[in-house]
Amino acid sequence: YERALGMDMISACAMQARSYMHRTRTSPEQLAMVSVKNHGNAQKNPLSQLPMNITVQDVLGSEMIADPLHKLDCSPVSDGCAAVIIAHEAMAAKFRQKPVWIRGVSFCADSFFFGDRDLSRARSLSKAAQKAYAIAGIRDPKKEIDIAELHDAFTYQELMWLEEMGLADDGTAGKLLEQGEFNIDGRFPVNASGGLLSGHPVIAAGLYSLAAVVRQIRGDAGGFQVTKAKTGLVQGVNGLAGQSHCVFILDQDK
């Protein structure tokens, strides 16, 4: 039924963006600030496709793709790849590089049909995050997680996902962004690598983000290294408008 309407990822996410903005009163300017931040971070990452120094007005003045999403609210389609080696701790001790430990991981899926879920929320992400926190022994994610790389194929997603995972109170992520909380030098750096807005290797995106957090925890992220990066969170998405989500908790220590 939805296919006949011409529904695709962009139009579906535009509907979700509008629903989220309506419920939380998040403004177009706050969405644009995600793009400004992440493209700016990309200037410190030589692997990024779109490092740019842009302003909020540049984002709002870019071509409207699907209301309320402008061109600079959307990620590009990029070529890229990533690889990780997962091993038992006995084997990991033999590697020359310092291992990063997986403390928790969870995957949850919601209903596919739009009419069966509240688009302004991401119930499957909330559940995945809660399960990952429980496995990792994390009770207060705002205090116990240092950095995050999130699936920001569209600007609104960074803010919405932060709230759904309890890393920001509901409806406050936009205000916290304005205050610089999610900057590389802020209280809680988000998408310090430049995120997917600055280069989106579709399908490999989650693994790409995981590799960025591994580099942060090892201390070899180069120009986009954050000061404190002991425990990191990685989040990935599959399905239209965040139908399913996967959350990893990575740590410097076992």
Inset, instruction - Indicate the atoms forming the closest heavy-atom contact of V105 with I135, along with that distance. - result: O-CD1, 3.4 Å
Legend entry - Joint hydrophobic cluster, V247 plus F188, side-chain heavy atoms closer than 4.5 Å: yes
Legend entry - Residues D110 and R117 bridged, charged N to O under 4.0 Å: no
Inset, instruction - Consider only side-chain heavy atoms of I, L, V, M, F, W and Y, link residues closer than 4.5 Å, and tell whether Y208 and V77 are in one cluster. - result: no
Legend entry - Ion pair check, D169 and K142, cut-off under 4.0 Å: yes
Inset, instruction - Determine, step by step, whether W101 and L250 satisfy the side-chain contact (heavy atoms from CB on, under 4.5 Å) criterion, reporting the C-alpha distance in whole Å, the side-chain angles of both residues, the deciding distance to 0.1 Å, and the verdict. - result: CA-CA 6 Å; W101 302 95; L250 304 180; over 6 Å; no
Inset, instruction - Under the side-chain contact (heavy atoms from CB on, under 4.5 Å) rule, what do D67 and R18 come out as? Steps first, then yes or no, please. - result: CA-CA 8 Å; D67 190 27; R18 180 60 69 194; 3.1 Å; yes
Legend entry - Minimum-distance pair of heavy atoms, taken over all atoms of V213 and E149: CG2-CG, 3.4 Å
Inset, instruction - Would you indicate whether M91, at its atom CE, is surrounded by more than 12 heavy atoms from other residues, nucleotides or ligands within a distance under 6.0 Å? - result: no
Inset, instruction - Using atom types as modelled and distance alone, determine if a side-chain donor or acceptor of S209 lies under 3.5 Å from a backbone N or O of A205. - result: yes
Legend entry - Chi angles and distances behind the side-chain contact (heavy atoms from CB on, under 4.5 Å) call for C108, L125: CA-CA 7 Å; C108 290; L125 175 54; over 6 Å; no
Inset, instruction - Walk me through it: do D116 and S111 pass the test side-chain hydrogen bond (donor to acceptor under 3.5 Å, both in side chains)? - result: CA-CA 6 Å; D116 292 340; S111 302; 4.6 Å; no
Legend entry - Ion pair R23/D170, N-O distance below 4.0 Å: yes
Inset, instruction - Assess whether side-chain contact (heavy atoms from CB on, under 4.5 Å) is satisfied between Q16 and S120, documenting all intermediate values. - result: CA-CA 6 Å; Q16 184 172 54; S120 74; over 6 Å; no
Inset, instruction - Verify the cluster assignment for F95 and I102: are they in a single hydrophobic cluster under the rule of side-chain heavy atoms below 4.5 Å apart? - result: no
Legend entry - CD1 on I147 to OG1 on T227, rounded to 0.5 Å: 11.5 Å
Inset, instruction - Verify, without hydrogens or angle tests, whether Q30 (side chain) and T26 (backbone) share a donor-acceptor contact under 3.5 angstrom. - result: no
Inset, instruction - With side-chain hydrogen bond (donor to acceptor under 3.5 Å, both in side chains) as the test, would you mind laying out the steps for N38 and E158 before giving the verdict? - result: CA-CA 10 Å; N38 292 357; E158 180 173 309; 2.9 Å; yes
Legend entry - M165 side, atom CE; Q235 side, atom CD - distance, nearest 0.5 Å: 5.0 Å
Legend entry - Minimum heavy-atom distance between A192 and Q216, given as atom pair plus value: CB-NE2, 3.8 Å
Legend entry - Backbone N/O of G195 and side chain of S193: donor-acceptor pair under 3.5 Å: yes
Inset, instruction - Determine whether K254 and P99 make a side-chain contact, defined as any pair of heavy atoms from C-beta on separated by less than 4.5 Å. - result: no
Inset, instruction - Determine the minimum heavy-atom distance between W161 and H151, stating which atoms define it. - result: NE1-O, 2.9 Å
Inset, instruction - Keeping the roles fixed (side chain from S106, backbone from A129), state whether a donor-acceptor pair exists under 3.5 Å. - result: no
Inset, instruction - May I ask whether I138 and V100 are part of the same hydrophobic cluster, defined by side-chain heavy atoms of I, L, V, M, F, W, Y residues being less than 4.5 angstrom apart, directly or through others? - result: no
Inset, instruction - Kindly say whether A42 contributes a backbone atom to a donor-acceptor pair with the side chain of S198 at under 3.5 angstrom? - result: no
Legend entry - Validation row: F182, K37 side chains within 4.5 angstrom (heavy atoms): yes
Inset, instruction - State, with a plain yes or no, whether a side-chain heavy atom of D73 is found less than 4.5 Å away from one of H70. - result: yes
Legend entry - Test item: H88 side-chain N/O and A90 main-chain N/O as donor-acceptor pair under 3.5 Å: yes
Legend entry - Any side-chain heavy-atom pair of R123 and D118 under 4.5 Å: no
Legend entry - D185 backbone acceptor or donor facing N183 side chain under 3.5 Å: no
Legend entry - R121 CZ to T24 OG1 distance, which is reported to the nearest 0.5 Å: 9.5 Å
Legend entry - Steps toward side-chain hydrogen bond (donor to acceptor under 3.5 Å, both in side chains) verdict (H200, S75): CA-CA 6 Å; H200 186 179; S75 62; 2.9 Å; yes
Inset, instruction - Could you check R187, K228, K230 and say which one makes a salt bridge (charged side-chain N to carboxylate O under 4.0 Å, His left out) with D146? - result: K228
Inset, instruction - Could you tell me whether a side-chain N or O of D152 sits under 3.5 Å from a main-chain N or O of F154, the two making a donor and an acceptor? - result: no
Inset, instruction - Give, for atom CG of N191 and atom CG of L197, the distance between the pair rounded to the nearest 0.5 Å. - result: 7.5 Å
Legend entry - D58 side chain vs T55 backbone, donor-acceptor pair below 3.5 Å: yes
Inset, instruction - For the pair E163 (side chain) and M160 (backbone), establish whether a donor and an acceptor sit closer than 3.5 Å, ignoring hydrogens and angles. - result: no
Legend entry - Min side-chain heavy-atom separation I65-E63 under 4.5 Å: yes
Inset, instruction - Can you label the angle between the Y20 ring and the Y156 ring as parallel, tilted or perpendicular, going by 30° and 60°? - result: tilted
Legend entry - Euclidean distance, K131 NZ relative to K127 NZ, rounded to 0.5 Å: 7.0 Å
Legend entry - Spatial distance of atom CZ (F107) from atom NE2 (H245) [nearest 0.5 Å]: 9.5 Å
Inset, instruction - Work out which heavy atom in I249 is nearest to a heavy atom in I145; give both atom names and the distance. - result: CD1-CD1, 4.2 Å
Legend entry - Min side-chain heavy-atom separation V84-I86 under 4.5 Å: yes
Legend entry - Electrostatic pair R139:E144 at N-O distance under 4.0 angstrom: no
Legend entry - Least distance between heavy atoms, A17 atom then L69 atom: CB-CD2, 4.1 Å
Legend entry - ILVMFWY network linking V190 to L177, side-chain heavy atoms under 4.5 angstrom: yes
Inset, instruction - Flag the pair F224 / N45 as yes when at least one side-chain heavy-atom distance between them is below 4.5 Å, and no otherwise. - result: yes
Legend entry - Flag side-chain contact, heavy atom, 4.5 Å: Q252 against T231: no
